[in-house]
Amino acid sequence: MLIIRNETKEDYETVEEITRKAFYNIHVPGCTEHYLVHIMRDHEDFIPELDFVAEREGQVIGNIMYTKARLVDETGKEKPVLTFGPVSILPEYQRMGYGKELMEYSFRQAASLGHDVIVIFGSPANYVSRGFKSCKKYNICTENGKFPAAMMVKELVPHALDGRRWIYYDSPVMAVSEEEAKRYDDTLEAMKKEHRSSQEEFYIMSQSFLV
């Protein structure tokens with residue numbers, strides 16, 4: 001049985017270690033996601049109420065964290081939305097449904113707190129089954145007017161979006177300094193950096209846009 005609860009300070013080190021193991025060498029040799037977790041909790045856009053860990057037989061095996069983001073329409077009107085990430089499951093527990101259970105729980109909690117839209121960046125293969133759709137279907141683009149293939153949207157409340165053009169803005173905390181992340185990673189137990197095929201897949205997806 002999976003227990004999902006809010007993260008506590010006692011979980012911080014474990015959660016960062018899980019994130020590091022889950023992402024190391026997946027997108028690039030090494031990773032920066034654990035450093036994002038490390039700095040996110042102290043940022044004003046972090047949402048503690050939506051910071052969850054998944055626990056199995058007394059062991060924390062996964063986590064999901066949310067921050068505030070925003071949409072801005074052509075008149076300058078702003079709409080607050082959510083984004084999540086990193087969402088991590090220890091490698092030995094992946095592909096067992098725990099990530100799905102953790103995300104679905106977080107969606108219900110987010111809706112209960114009055115949130116109605118989530119925007120994320122990720123592989124569509126991992127998220128379309130969770131109700132995410134292409135950003136273009138909701139007319140949500142980035143500041144340069146493009147529709148990234150990796151940007152997806154989920155309405156927690158039906159018809160929360162009305163089809164008008166929106167520009168998406170992440171929280172500033174997401175702009176992780178690679179140099180600072182490397183310095184932090186160098187303080188931790190060494191892990192071997194490797195080149196993997198998943199990194200090329202990530203590059204292709206991150207450079208792909210819908211027309």
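All values reported here derive from a predicted model rather than from experimental measurement.
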Applying ring-ring contact (aromatic ring centres under 6.0 Å, His included), name anything that partners [X], two or more places apart in sequence or on another chain.
{"X": "F202", "result": "H27"}
{"X": "F107", "result": "F132"}
{"X": "Y138", "result": "none"}

Mind checking side chain to side chain contact (heavy atoms under 4.5 Å, CB included) for [X] and listing every partner two or more places apart, or none if nothing turns up?
{"X": "N144", "result": "T142, K146"}
{"X": "P124", "result": "V128, M152, M205"}
{"X": "D116", "result": "K79, V157, A160"}

Using the salt bridge (Lys or Arg N to Asp or Glu O under 4.0 Å) rule, collect all pairs that involve [range], keeping only residues at least two apart or in two chains.
{"range": "residues 167-183", "result": "K182-D186"}
{"range": "residues 23-49", "result": "E7-R41, E16-R41"}
{"range": "residues 118-134", "result": "E104-R130"}
{"range": "residues 118-127", "result": "none"}

Quick one: do M174 and F121 end up in the same hydrophobic cluster if we chain Ile, Leu, Val, Met, Phe, Trp and Tyr together by side-chain heavy atoms under 4.5 Å apart? no
Check the pair H115 / L50 against side chain to side chain contact (heavy atoms under 4.5 Å, CB included), numbers first and verdict last. CA-CA 11 Å; H115 301 286; L50 295 175; 4.1 Å; yes
Enumerate the residue pairs fulfilling ring-ring contact (aromatic ring centres under 6.0 Å, His included) with a member in residues 35-60, sequence neighbours excluded, ordered by first and then second residue. Y35-Y184, H38-Y184, F52-Y105
Under the side-chain hydrogen bond (donor to acceptor under 3.5 Å, both in side chains) definition, can you give me all pairs with a residue in residues 202-211, not counting sequence neighbours?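 For residues 202-211: none.
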